[in-house]
Amino acid sequence: MKKIEVITRPEKLVGLKEIFATHHCQGMTCISVMGCGRQKGYLPEMNFTGDDINLLPKIMVFVVCEDEQTEEILADIATAIGTGKNGDGKVFVTDVLDAMRIRTNERGHDAL
């Protein structure tokens, strides 16, 4: 199993939900966060003067999927929400050693 963590712009949430639904990911967690990367918290369309803005609103979305789905999900994320511009975000993939559904005590893949 793999955990996929996506940090991106809030307006990309609808596209992410569609991707995860297409791949039958059973659960998703979404958190509102603030952050900046290479763009240093600057968006040209904001056109601010004076005070520097160094944190922008982002969302962080977590899903756990089967190992075999990971590459296809990553390709779909890049295609669907990538614009090629700073601020598109990052995706982190980590191994999940185990999972448990609390209600039924199912473990591993059955817990997904």
Side-chain angles (χ1 to χ4, degrees):
M1 296 178 291
K2 302 284 187 194
K3 178 168 75 167
I4 299 175
E5 301 175 40
V6 182
I7 302 172
T8 190
R9 295 179 183 188
E11 62 267 21
K12 304 296 184 175
L13 180 59
V14 173
L16 284 173
K17 287 170 36 177
E18 290 172 0
I19 291 166
F20 297 137
T22 300
H23 292 282
H24 307 290
C25 294
Q26 296 296 314
M28 175 177 73
T29 301
C30 182
I31 303 169
S32 293
V33 296
M34 300 287 286
C36 68
R38 287 190 177 168
Q39 71 198 74
K40 306 292 186 228
Y42 172 74
L43 286 176
E45 59 267 21
M46 294 173 88
N47 199 17
F48 282 102
T49 58
D51 294 343
D52 289 335
I53 301 224
N54 60 0
L55 296 176
L56 296 172
K58 303 284 184 179
I59 57 166
M60 183 182 294
V61 180
F62 303 89
V63 296
V64 177
C65 66
E66 301 290 343
D67 291 341
E68 304 80 39
Q69 295 176 291
T70 306
E71 288 303 321
E72 194 172 332
I73 291 172
L74 293 176
D76 288 351
I77 289 171
T79 301
I81 69 169
T83 64
K85 298 178 182 173
N86 285 343
D88 278 350
K90 295 269 194 283
V91 179
F92 301 97
V93 180
T94 55
D95 287 320
V96 174
L97 300 177
D98 199 4
M100 182 182 84
R101 180 172 301 165
I102 297 171
R103 177 177 52 88
T104 62
N105 290 330
E106 292 172 292
R107 301 283 297 262
H109 299 283
D110 293 336
L112 296 183

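Please read all numbers here as calculations on a predicted model, not as lab measurements.
Screening residues 100-112 for salt bridge (Lys or Arg N to Asp or Glu O under 4.0 Å) gives D98-R107, R101-E106 as the qualifying pairs, with residues at least two apart or on separate chains.
The structure places OG1 of T83 at 5.5 Å from NZ of K12, a figure rounded to the nearest 0.5 Å. The CD1 atom of I7 sits 13.5 Å away from the CG atom of D88 when rounded to the nearest 0.5 Å. The distance from the CD atom of Q69 to the CD1 atom of I4 is 8.0 Å, given to the nearest 0.5 Å. Summarising the geometry, atom NE2 belonging to H109 is positioned 5.0 Å from atom CD belonging to E66; distances are rounded to the nearest 0.5 Å.
In terms of hydrophobic clustering, with Ile, Leu, Val, Met, Phe, Trp and Tyr side chains grouped at heavy-atom distances under 4.5 Å, F62 and L74 are assigned to different clusters. One hydrophobic cluster, built from ILVMFWY side chains closer than 4.5 Å, cannot hold both V6 and V96; they sit in different ones. Following chains of ILVMFWY side-chain contacts shorter than 4.5 Å, one cannot reach L112 starting from M28, and the two form parts of different hydrophobic clusters. Hydrophobic clustering (ILVMFWY, side-chain heavy atoms < 4.5 Å, transitive): V64 and F20 are in distinct clusters. Residues V91 and V63 share a hydrophobic cluster, clusters being chains of Ile/Leu/Val/Met/Phe/Trp/Tyr side chains in contact below 4.5 Å.
Between I81 and R9 the shortest side-chain heavy-atom distance does not fall below 4.5 Å. In this structure, I73 and K2 have side chains that are not in contact, with every pair of non-hydrogen atoms separated by 4.5 Å or more. No side-chain heavy atom of M1 sits under 4.5 Å from any side-chain heavy atom of C65.
Contact detail for L13 and C30: the closest heavy-atom pair is CD1-SG, 3.9 Å. Closest approach of A80 to I19, counting heavy atoms only: CB-CD1, 3.6 Å.
With sequence neighbours excluded, the residues forming a side-chain contact (heavy atoms from CB on, under 4.5 Å) with V33 are I31, K58, M60, listed by chain and number. Take T94 and apply the side-chain contact (heavy atoms from CB on, under 4.5 Å) test, not counting sequence neighbours, and it matches K3, E5.
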Assess the residue pair E18 and D76 against the criterion (side chain to side chain contact (heavy atoms under 4.5 Å, CB included)); give the C-alpha distance rounded to whole Å, side-chain angles, the decisive distance to 0.1 Å, and a yes or no. CA-CA 10 Å; E18 290 172 0; D76 288 351; over 6 Å; no
